[in-house]
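Have a look at the structure below, then the notes.
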Amino acid sequence: MRLRYLHLPDYGPLKDLQVVFQQNTHISGRKGAVNFIVGLNGSGKSTLLRAVYDVFHSLFREELPKFPVTLVYDIRLDSHATVVFHRPPGRRATAFLTLAVPAFQHETEDAWQACVNELVVKREKDVLTHVVAGDSLKGDGNLRQWLPARVLTYTSGDPSLWRALTYPDFPRDELTENDADNSERRLERPCGWTEEQERSDSRVPLTESLAPSGSPGDGKKESDEASERCLVLSAEDVRFAAMTVGLWQAAIELREHQDENTQAAFREQLLAQLDKKTQEKGARRLFNELDWLWPTHASFVFNSYSRNIPLPADAAAIFWLHALADTVLQLPLEESLSVISLGSRPPVQPQDLAGGKVEEGLRLVGGAMLGASSGAEALRCLLGDQQDPDKSLWSMFQRLRSWRESGLLKEILLTVKRIRQVPDTGQQPDDSVISYASFSDGEQMLLGRMALLLLLQKQDNSLLLLDEPETHFNDTWKRQIIDIIDDSILKETFSQVLVATHTSLALTDVFSCEIVRLDKQNGVISAHPVPYPTFGADPGRILLHVFGAPDVIGARAAEFLRSKLDPSKWPPEDLDKLRALIDEIGSGWPRAKLMDILDHLEGRDAASDT
């Protein structure tokens, strides 16, 4: 999936805003695309991202957005195609969604406007092929096929505006008579209450839902699929993403290093990388940053067993999760704790775990674990729908998230072994094992937010919207964000990442054609290309030319140093003060100017001595 063009005639503060999403032609061999929306606070960056999400969220629900919009994106079906969604003001019937094969190659606002106008004329003449009419969205199979495989959104700011798009408030005059009669009962549910939570609120014995019936997908409704494909991710989702990636990576590495000798050699290899500051790829790169070898145990806290489990396959998976556990404890409030050792173990035999007696359906689901050589690999196979490792990460996250959303899974806890050992009381090297919660807030944010990228590996036709993901990152991490995006998604996955950001440091990894700058003048927001070359540029120059800062240094330093740049204010007797000041100033134009003054004074002083 790749965004191409967006026109917002009237969306909140964005009026008649047009954006063309371009890509660089210098770095080849990339399937995915990344674009950046930059600007000062209040310039509409987050609003633009919300508009894109709003369009897709409405279409996933087979509804038209409540605002006029034109959105164009490429998608890969049997071949590379372009989807044009045009929703003008007025009647629903004038809106349409059309598929163009081969894909359009326009690169300017004028070219896209002309293209859309031509499609509108063809639609009016009823000669447009591959079209879904705006008043016929319900039940049209083409609509669902032409939408992205999934749209994920994460904001480091206030999520309330995003949640309002997902769970809008309905005016009372839009309620039916029956709805109004039941309004008091409906208000008992909190905002954001999902269909899965409603089902789980009806308490039935777990043993009833354990009985398998039909395929693992039985019971999944079309609306459930739509909600799974368009998500606003919470901070808790991001934490689950981090721990899912931790389990997944441990499963892969422990499969490759099954005995103590190979594990020790692998650890030495990682220590060498840390000492030399060399960077691995993918998830291991993040884990090295945090001195994370692999998790030793995973603990799952489940709510009451009497809750209804969403699907038979989930019931079976939970059965096997308990069977796999080293310890299962009953907790207060009808909660349970299952602790699973993730390290190497003899090959898993599901029949042995179940005591040799298990129903056929459960045996088949548990069969995914057959031959797993570690607890982590058994969990990956169990939670990943028996997919191969490269494609199972998203399935693992989605299953764990659905359990939490339904109220079934309360918490996941990990204990993590560090790469570096620490001296024990006898000064001998000993393993350091800490809980996931013991990592700093910044470390958890780094792993969680970057884990969202890893979730989309090999998930073609996906869209990831990131609203200021660098918040709380140090500068060393900020300079790695784009490279992580490149390694995680762009190289091998046909998907789009759209980022709203403030950081000039990250933009040194981005070509100017991939950046759209929003500017607010006299209350009017406009979009502009960035004419200044940004790739490999000095961050200070980006701050000056992209964000429009008056200077490349801090305002306090600029004010003070400008007051010192007048040569007449430096008499010869202040030479020592000037030298001391220069010694305390970093490299840059103020230091250069003061050095010129010093050279002039020293020359004058030398002349007076003679």
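Just so it is clear, the structure is predicted and the values come from calculations on it, not from any experiment.
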Between [X] and [Y], which heavy-atom pair has the shortest distance, and what is it?
X    : Y    : answer
R30  : D486 : NE-OD1, 2.7 Å
A527 : L17  : N-CD1, 3.4 Å
E468 : H502 : OE2-CE1, 2.9 Å
F36  : T501 : CD2-CG2, 3.6 Å
S488 : Q457 : O-CG, 3.1 Å
I419 : R284 : CD1-NH1, 4.0 Å

Strictly by modelled atom types, are [X] and [Y] linked by a side-chain donor-acceptor pair under 3.5 Å?
X    : Y    : result
H86  : T70  : yes
D158 : S160 : yes
E280 : Q273 : yes
Q459 : R150 : yes
D54  : Y11  : yes
H528 : S526 : yes
Q23  : N35  : yes
E253 : Q249 : yes
Y5   : Q18  : yes

Rounded at 0.5 Å granularity, tell me how far [atom1] in [X] sits from [atom2] in [Y].
X    : Y    : atom1 : atom2 : answer
I37  : L48  : CD1   : CG    : 5.0 Å
L455 : L464 : CG    : CG    : 9.0 Å
E256 : E377 : CD    : CD    : 10.5 Å
L71  : L8   : CG    : CG    : 8.5 Å

Any side-chain heavy-atom pair of W292 and L447 under 4.5 Å =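 Of all side-chain heavy-atom pairs linking L447 with W292, at least one is under 4.5 Å.
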State, yes or no, whether a side-chain contact exists between L137 and L64 at a heavy-atom distance under 4.5 Å.
-> yes
Find out whether the Lys NZ or Arg CZ of [X] is both under 6.0 angstrom from the six-membered ring centre of [Y] and within 45° of the ring's axis.
X    : Y    : answer
R50  : W162 : yes
R4   : F21  : no
R267 : W294 : no

Check step by step if side-chain hydrogen bond (donor to acceptor under 3.5 Å, both in side chains) holds for D74 and H80.
-> CA-CA 7 Å; D74 288 353; H80 195 177; 3.3 Å; yes
Among F56, F85, F104, W146, which residue meets the ring pair (Phe, Tyr, Trp, His ring centres under 6.0 Å) test with Y73?
-> F56
Answer yes when R562 and D551 have at least one side-chain N-carboxylate O distance shorter than 4.0 Å, and no when they do not.
-> yes
Hey, are R285 and D483 close enough for a salt bridge, meaning a charged N less than 4.0 Å from a carboxylate O?
->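 A salt bridge links R285 with D483.
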Identify which one of T471, L233, L466, I484 satisfies the side chain to side chain contact (heavy atoms under 4.5 Å, CB included) criterion when paired with R449.
->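 Result: among T471, L233, L466, I484, T471 is the only option passing the side chain to side chain contact (heavy atoms under 4.5 Å, CB included) with R449.
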Quick one: do I485 and I481 satisfy side-chain contact (heavy atoms from CB on, under 4.5 Å)? Show the steps, please.
-> CA-CA 6 Å; I485 292 175; I481 291 176; 4.0 Å; yes
Can you label the angle between the F535 ring and the F511 ring as parallel, tilted or perpendicular, going by 30° and 60°?
->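 Parallel: the ring planes of F535 and F511 meet at under 30°.
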Any chance you could lay out the side-chain contact (heavy atoms from CB on, under 4.5 Å) test for L446 and E443, step after step, and finish with the verdict?
-> CA-CA 5 Å; L446 172 70; E443 289 174 323; 5.7 Å; no
